[in-house]
Trainee: 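Questions regarding the structure given below will be posed in turn.
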Amino acid sequence: MITYTADNISFAYPKGKLVLKDINMSVSKGTVFTILGTNGTGKSTLLNCIAGQLTPLSGNVSIGGKSVKDMTVTEFSRHVAYVGQMHYPVFAYTVREVVVMGRTPYLGMTGSPRKSDYEIADDMMDLLKISQLAEKSYLEISGGERQLVMLAQALAQTPDFLVLDEPTSHLDFGNQIRLLDIIQNVASEGYGVILTSHFPDHSLMFDHTVGILHNGSFISVGPAKEVITEQNMQDIYKIQVSVSYNDILMRKTCLPKGK
């Protein structure tokens with residue numbers, strides 16, 4: 001089983017204090033790891049270190065036992081697809097053209113997408129239920145739709161692991177839940193998924209593995225139902241919450257207490 005591992009990762013921006021301190025985590029294919037925490041605690045920085053966007057100050061990131069430092073960009077891209085929070089479109093590509101760009105690691109520097117590459121792109125748009133956008137300009141769709149398009153592009157990359165920074169942040173309530181279902185489904189099909197979130201209850205829906213990041217370190221890592229506790233949530237979010245079993249939903253929930 002291929003694992004994606006971070007060993008003792010620390011990071012600081014130039015002339016700044018440590019943002020991450022001795023982070024350890026390991027994700028296997030077919031599982032989901034959610035990084036939960038407040039704004040400014042280092043969630044996106046950690047994802048950027050894991051996904052090769054930033055170079056850690058110390059420590060090592062490896063895939064299947066091989067350090068990512070020893071991988072070419074193409075090799076790494078065949079293992080990992082990264083979707084950040086912000087997307088800045090420049091050219092008026094169609095949505096289908098944007099999604100098929102996920103096939104780049106398999107085309108070479110001068111290669112053009114083949115019929116099979118477009119078929120993969122179409123399959124991923126079908127999976128995310130955005131096929132109706134295929135011929136629209138990427139410049140003309142909403143932020144939430146762009147989030148789904150970029151996820152379709154990542155899936156078209158057919159990686160071992162998806163790294164997703166706040167994947168539900170621009171989505172309405174219905175699309176948030178649908179996307180979480182899709183993440184659960186792709187994990188069941190063998191993808192490993194690492195994502196960041198602000199929503200403890202999302203993790204409780206599927207009981208993913210959760211790492212609670214606070215002040216640059218994990219304060220608790222384990223199954224969501226074990227680490228999402230009233231005390232942990234109150235410690236990091238500084239609000240009163242109720243974590244309890246809901247008989248109707250047949251699961252634990254994490255909700256803010258009323259005044």
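Only heavy atoms go into these numbers, but all of them, side chains included; no hydrogens, no water, no symmetry mates.
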Trainee: Drop me the distance from Ser197's OG to Gln176's CD, to the nearest 0.5 angstrom.
Mentor: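 Between Ser197 OG and Gln176 CD, I get 8.5 Å after rounding to 0.5 Å.
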Trainee: Tell me whether Ser28 contacts the main-chain N or O of Thr3 through its side chain, where contact means a donor paired with an acceptor under 3.5 Å.
Mentor: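 Not confirmed, Ser28 side chain does not pair with Thr3 backbone.
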Trainee: Show the nearest heavy-atom pair for residues Met150 and Val98, with the distance to one decimal.
Mentor: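 Taking Met150 first and Val98 second, the nearest heavy atoms are SD-CG1, 4.1 Å.
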Trainee: Using the side-chain contact (heavy atoms from CB on, under 4.5 Å) rule, pick out the option among Thr45, Leu47, Asn48, Val163 that qualifies with Gln53.
Mentor: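 When side-chain contact (heavy atoms from CB on, under 4.5 Å) is applied between Gln53 and each of Thr45, Leu47, Asn48, Val163, only Asn48 qualifies.
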Trainee: Out of curiosity, does Val100 fall in the hydrophobic cluster containing Val95 (side-chain heavy atoms, cut-off under 4.5 Å, transitive links)?
Mentor: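 In one cluster: no.
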Trainee: Side chains of Arg103 and Thr158 only: does a donor on one sit below 3.5 Å from an acceptor on the other?
Mentor: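 A donor-acceptor contact under 3.5 Å links the two side chains.
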Trainee: Hey, is the main chain of Lys69 close enough, under 3.5 Å, to the side chain of Ser67 for a donor-acceptor pair?
Mentor: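 Such a contact is found between Ser67 side chain and Lys69 backbone.
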Trainee: Nearest 0.5 Å, what's the NE2-NZ distance between His214 and Lys43?
Mentor: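 It is 12.0 Å, given to the nearest 0.5 Å.
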Trainee: Look at the side-chain heavy atoms of Ile, Leu, Val, Met, Phe, Trp and Tyr, link any pair under 4.5 Å apart, and say whether Ile50 and Val68 land in one connected group.
Mentor: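 Looking at the clustering, Val68 is in the same group as Ile50.
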Trainee: Only one of Ser217, Pro56, Ser58, Cys49 passes side-chain contact (heavy atoms from CB on, under 4.5 Å) with Leu20; say which it is.
Mentor: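 Option passing the side-chain contact (heavy atoms from CB on, under 4.5 Å) with Leu20: Cys49.
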Trainee: Do the rings of Tyr4 and Phe161 sit parallel, tilted or perpendicular, given the 30° and 60° boundaries?
Mentor: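 If you compare the ring of Tyr4 with that of Phe161, the planes turn out tilted.
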Trainee: Specify the closest pair of heavy atoms between Pro167 and Leu179, including all atoms of both residues, with the distance to one decimal.
Mentor: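 Smallest heavy-atom distance, with atoms named: O-CD2, 3.3 Å.
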Trainee: Say whether, by atom type as modelled, one donor and one acceptor occur between the side chain of Gln240 and the main chain of Pro256 under 3.5 angstrom.
Mentor: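 It does not hold such a pair.
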Trainee: Working to the nearest 0.5 angstrom, can you tell me the gap between Asp7 CG and Thr5 OG1?
Mentor: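 Asp7 CG to Thr5 OG1: 6.0 Å, rounded to 0.5 Å.
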Trainee: How far does OG of Ser242 sit from CD of Gln234, to the nearest 0.5 angstrom?
Mentor: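 Separation between the atoms: 9.5 Å.
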Trainee: Going hydrophobic residue to hydrophobic residue with side-chain gaps under 4.5 angstrom, can you get from Leu162 over to Phe33?
Mentor: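 No.
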Trainee: Test your reading of the model: is there a side-chain donor-acceptor pair from Lys129 to the backbone of Arg178, 3.5 Å cut-off?
Mentor: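 Pair absent, no side-chain N/O of Lys129 close to backbone of Arg178.
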Trainee: Determine the minimum heavy-atom distance between Gly42 and Val19, stating which atoms define it.
Mentor: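 The answer is CA-CG1, 4.1 Å.
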Trainee: What pair of heavy atoms forms the shortest contact from Leu204 to Thr253, and how long is it?
Mentor: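 Looking at all heavy atoms of both residues, the shortest contact is CD1-C, 3.7 Å.
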Trainee: Between Asn175 and Leu171, is there a donor-acceptor pair closer than 3.5 Å when you use the side chain of the first and the backbone of the second?
Mentor: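 Not a single qualifying donor-acceptor pair exists.
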Trainee: Got a donor-acceptor contact below 3.5 angstrom from the Asn8 side chain to the Gly59 backbone?
Mentor: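 No.
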Trainee: Before accepting this row, confirm whether a basic side-chain N of the pair Lys136/Glu145 lies closer than 4.0 Å to the acidic partner's carboxylate O.
Mentor: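 Glu145 and Lys136: not salt-bridged.
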Trainee: Do Leu128 and Ile182 come within less than 4.5 Å of each other through their side chains, counting heavy atoms only?
Mentor: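 In contact.
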Trainee: Applying a strict under-4.5 Å side-chain criterion to I, L, V, M, F, W and Y, I'd like to know whether Val193 and Val210 cluster together.
Mentor: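 In one cluster: no.
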Trainee: Let's go through Asp235 and Gln231 carefully: what are the C-alpha distance in whole Å and the side-chain angles of both, what is the deciding distance for side chain to side chain donor-acceptor pair (under 3.5 Å) to 0.1 Å, and is it a yes or a no?
Mentor: CA-CA 6 Å; Asp235 285 347; Gln231 189 63 58; 2.8 Å; yes
Trainee: Hey, does the side chain of Asp165 reach the backbone of Ser44 with a donor-acceptor pair shorter than 3.5 angstrom?
Mentor: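 Here the side-chain-to-backbone pair does not exist.
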Trainee: Do other residues, nucleotides or ligands put more than 12 heavy atoms under 6.0 Å from Tyr245 OH?
Mentor: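 Yes, the 6.0 Å shell around OH holds more than 12 heavy atoms from other groups.
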Trainee: Is a side-chain N or O of Arg96 found less than 3.5 angstrom from the main chain of Asp122, in a donor-acceptor match?
Mentor: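 Absent.
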Trainee: If two hydrophobic side chains count as joined below 4.5 Å and joins carry through other members, does Leu46 share a cluster with Phe76?
Mentor: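 Looking at the clustering, Phe76 is in the same group as Leu46.
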Trainee: Would you find a donor on one side and an acceptor on the other, under 3.5 Å apart, between the side chain of Gln157 and the backbone of Ser77?
Mentor: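 The answer is yes, because a donor-acceptor pair under 3.5 Å joins these two groups.
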Trainee: Nearest 0.5 Å, what's the OG1-CG distance between Thr38 and Leu213?
Mentor: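 So the OG1 of Thr38 and the CG of Leu213 are separated by 8.0 Å.
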Trainee: For residues Thr168 and Phe199, determine if any side-chain heavy atom of one lies less than 4.5 Å from a side-chain heavy atom of the other.
Mentor: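 They are in contact (side-chain heavy atoms under 4.5 Å apart), so the answer is yes.
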Trainee: Kindly compute the distance separating CD1 (Ile194) from OG1 (Thr196), expressed to the nearest 0.5 Å.
Mentor: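 Ile194 CD1 to Thr196 OG1: 11.0 Å, rounded to 0.5 Å.
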Trainee: Give a yes or no on whether a salt bridge exists between Arg251 and Asp201, defined as a side-chain N under 4.0 angstrom from a carboxylate O.
Mentor: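 Counted as a salt bridge, because a side-chain N and a carboxylate O are separated by less than 4.0 Å.
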Trainee: For atom NZ of Lys29, is the number of surrounding heavy atoms from other residues, nucleotides or ligands below 6.0 Å larger than 12?
Mentor: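 Counting other residues, nucleotides and ligands, NZ of Lys29 exceeds 12 neighbours.
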Trainee: Donor-acceptor pair, distance only, cut-off 3.5 Å: does the side chain of Thr31 make one with the backbone of Val27?
Mentor: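 Here the side-chain-to-backbone pair does not exist.
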Trainee: Does the distance from a Lys or Arg side-chain N to an Asp or Glu carboxylate O, for Arg114 and Asp117, drop under 4.0 Å?
Mentor: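 Here Arg114 pairs with Asp117 in a salt bridge, since their nearest N and O are under 4.0 Å apart.
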Trainee: A side-chain contact here means heavy atoms from C-beta on lying under 4.5 Å apart; do Val243 and Thr229 qualify?
Mentor: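 Result no, sub-4.5 Å side-chain heavy-atom pair not found.
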Trainee: Look at the aromatic rings of Phe206 and His208 and report parallel, tilted or perpendicular, splitting at 30° and 60°.
Mentor: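 Phe206 and His208: parallel rings.
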